[in-house]
Amino acid sequence: MISESRASLFEGAVNALPFSVLAVDGAATIVYGNDAWRRSATALQVRLPDTGIGHAYIPVLDSVLSVKPSDREQVERGLADVLAQRVLAFEHETPVWLRGVRRWFRVVITGAAGQSGALIQHLETTETHRQLEARVDALAHFKAVFETAIDGIVIFTDDLRFVNGNPAVERMLGRPQDELYDRRLTNVLNAEQAENVRAQHAELLRTGSQRGIFSVTRPDGSVIDLEYVARANFVPGRHVAQLRDITAARQMEGQLRQAQKLQAIGQLAGGIAHDFNNLLTVVVGHADYLLDDVSRLSDDARESMQEILRASHRGADMVRKLTAFSRQERLRLEPVQLESLVLEVTSLLRRLVPETVAVLYSAAPDVPAALVDAAAVQQILFNLATNARDAMPSHGGALRFEVQSHPDHVTLTVSDTGLGMSEETRARIFEPFFTTKAVGEGTGLGMSMVYGLMEQMHGQILVASRPGEGTQVTMHFPLVRQTREDGTARDANDAGTPRKTADTTGEDVLLVEDDDAIRALATRILQRGGYQVTEAGDGDVAARCLHDRKISGATPFALVVSDVVMPNGGGARVFDALNENALPTRLLWVTGYAGDETGDWRMRAPSDAPVLQKPWTATQLLTAVRSAIDADRVATSASS
Ligand code: ADP
Ligand code: MG
């Protein structure tokens with residue numbers, strides 16, 4: 001009785017289990033299935049009578065679900081082992097496909113000691129597997145993000161030990177994971193950097209989140225700036241920081257500031273240069289005027305006057321450098337074979353440097369023409385060579401010029417084996433008046449002039465240098481892109497208009513100049529030279545004079561001597577007025593914005609008339625005026 005009621009108690013309990021329980025006999029034939037089995041057999045549409053009871057276990061399974069052959073085989077073998085009592089129990093977890101849906105089951109087969117047959121349980125583990133898969137998936141996502149991030153991600157402990165870092169961190173710190181693992185992050189920093197990081201870390205632990213900047217010196221000696229955002233205790237005792245390399249951005253910021261500063265200085269310098277040039281013209285003109293007449297001065301006074309002139313010329317030289325820097329110089333860009341230009345200059349520069357310095361030159365074959373102003377390049381080479389010479393005192397060295405060809409530009413490199421310079425110096429060399437040389441030895445204008453000229457030629461200049469390791473200046477020049485179109489529109493004066501040929505003296509000259517002192521001086525000199533002078537203070541006044549002359553029917557001016565840059569219509573206004581009135585008058589431009597001693601830097605004036613540089617001397621003014629009028633006469637007679 002007792003055993004019977006126990007048996008039904010057990011059966012009731014087994015039937016109440018939420019998973020399938022089957023009993024098989026020694027031949028693996030199903031002899032019993034609990035309620036859960038019966039339910040699932042119905043749901044699975046086991047097409048065998050009595051939900052498979054009385055049939056062999058494995059074929060029953062085969063009839064309703066598909067299992068990987070290897071899994072099926074393992075279960076079959078496990079069952080055989082248990083039935084043969086080779087093992088007490090067997091367990092296997094397998095995915096099964098039930099009408100196309102994958103589910104997971106654990107099959108547990110247990111034998112009863114000393115009895116034949118076995119108990120088989122089917123425990124569904126699909127949910128656990130799904131959760132596991134979701135976890136694996138999420139991890140894979142994080143891993144992908146972690147590993148491909150441009151920003152560095154680093155996980156560390158309370159005492160700043162490295163736990164994990166992505167490849168970007170390895171790149172930033174210049175060290176592989178293995179080298180970092182479990183090390184204190186402060187160990188890869190120098191003392192000052194470490195101190196800074198420790199302080200920020202303490203703050204992070206206190207506040208829970210922190211952002212800031214710190215620097216790292218990498219094993220190769222380079223220093224980078226890292227910006228970070230950190231969060232403390234994302235799990236207790238673990239902190240995470242995202243790092244961004246802002247070195248390049250910071251450098252660019254510095255360069256931008258530098259460029260803005262240079263631009264501001266350029267404007268200032270340009271303004272000063274303009275006014276100063278006019279002053280110099282007056283000084284030089286008057287000195288010249290006095291010197292011109294021997295009777296006017298004692299020998300003593302003559303000498304002083306000559307000194308005044310010499311000093312003024314030095315001043316003019318400085319102004320010329322300043323105007324070059326402030327981009328007020330107009331260059332004439334033309335296709336130039338740099339290698340032949342450099343070769344030419346090199347032999348001249350040979351004399352500039354002492355015997356102990358070797359001057360070397362090399363050029364790639366077939367370098368295409370660059371679009372430059374030849375005189376400007378010569379000036380640049382001269383300035384660079386002067387600096388190189390100063391950097392190689394006494395003990396000799398080498399000054400090297402190199403021309404190289406690139407797909408879209410030509411480079412010209414000037415290097416020396418001199419003292420080199422510190423980073424602070426290198427960053428400032430283009431500033432006007434920046435010099436490290438003794439008073440009287442350096443003006444600090446050489447490199448600023450080079451900079452200005454390179455800008456105007458749309459070139460680029462890079463300076464590499466280290467103390468004791470010499471200096472390398474590399475310039476990129478643009479190539480000639482297309483054939484230059486020729487400005488064929490000629491001066492209207494050359495149109496062969498009949499004109500009255502004036503006598504060599506007494507010719508009418510219209511003088512256009514906005515600076516009163518210069519205009520007065522020029523008037524005086526021209527009048528003394530026998531010309532009749534009409535004065536105009538700007539382009540508009542000049543235009544009115546020309547127009548009035550025309551309608552009055554009087555003889556046209558023989559020459560207009562005009563400044564180029566003026567308020568109220570500059571040289572262009574004068575040029576237009578001549579054209580509008582179809583006057584045969586010739587032009588002579590006067591400008592302070594160009595020229596060096598060799599006189600072959602021409603500014604781009606509104607026409608190709610001759611140009612006289614400021615500051616001029618009385619003789620230069622008279623000569624220029626004479627030859628402008630005479631050149632015209634030659635041209636006129638030649639064309640008629
Ligand atoms: P200056 O030669 O009158 O000092 P620059 O504008 O030509 O003015 O040069 C500015 C500064 O740049 C120099 O005083 C020097 O410190 C540095 N410098 C320029 N070129 C070189 C060079 N080749 N080697 C070392 N230092 C240089
Ligand atoms: Mg110099």
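Order of listing sets the numbers, starting from 1, for every ligand and every atom in it. Predicted, not measured: the structure shown is a model, and the values here were computed from it.
- In this structure, Glu303 places its CD atom where only 12 or fewer heavy-atom neighbours from other residues, nucleotides or ligands lie under 6.0 Å away.
- Assignment of Gly420 to the shell around ligand 1 is supported, since a heavy atom sits closer than 4.0 Å.
- For the pair Gly444 and ligand 1, the shortest N or O to N or O distance falls below 3.5 Å.
- Close N/O approach between Asp390 and ligand 1 is not found [any backbone or side-chain N/O within under 3.5 Å].
- Remark: Leu588 engages Leu559, Val561, Pro610, Leu612, Ala624, Val625, Ala628 in a side-chain contact (heavy atoms from CB on, under 4.5 Å) (not counting sequence neighbours).
- More than 12 heavy-atom neighbours from other residues, nucleotides or ligands sit within 6.0 angstrom of CZ on Arg175.
- Every atom of ligand 1 is numbered from 1 in the order shown, and the set under 4.0 Å from a heavy atom of Gly442 is 3 (O).
- Between Asp563 and Lys614 there is a side-chain heavy-atom pair separated by less than 4.5 Å.
- Taking every heavy atom of Ala391 and a limit of under 4.0 angstrom, the matching atoms of ligand 1 come to 24 (N), 25 (C).
- When non-hydrogen atoms are compared, ligand 1 lies under 4.0 Å from the side chain of Met421 (C-beta onward) but not from its backbone.
- Of all atoms in ligand 1, listed by their number and element, those nearer than 4.0 Å to a heavy atom of Met447 are 5 (P), 6 (O), 7 (O), 9 (O).
- Listed by chain and residue number, nothing satisfies the side chain to side chain donor-acceptor pair (under 3.5 Å) test with Thr474 (two or more places apart in sequence, or in another chain).
- In Thr425, the part holding a heavy atom less than 4.0 Å from any atom of ligand 1 is the side chain.
- In Thr471, the part holding a heavy atom less than 4.0 Å from any atom of ligand 1 is the side chain.
- Near Thr443, with a cut-off below 4.0 Å to any heavy atom, the atoms of ligand 1 are 3 (O).
- Using modelled atom types, one finds a donor on one side chain and an acceptor on the other under 3.5 Å when comparing Asp220 with Ser222.
- Ring orientation note: the planes of His286 and Tyr289 are nearly perpendicular, at an angle over 60° on the 30°/60° scale.
- Within a 6.0 Å radius of CZ in Arg573, other residues, nucleotides and ligands contribute more than 12 heavy atoms.
- Between Asp416 and ligand 1 there is a heavy-atom distance shorter than 4.0 Å.
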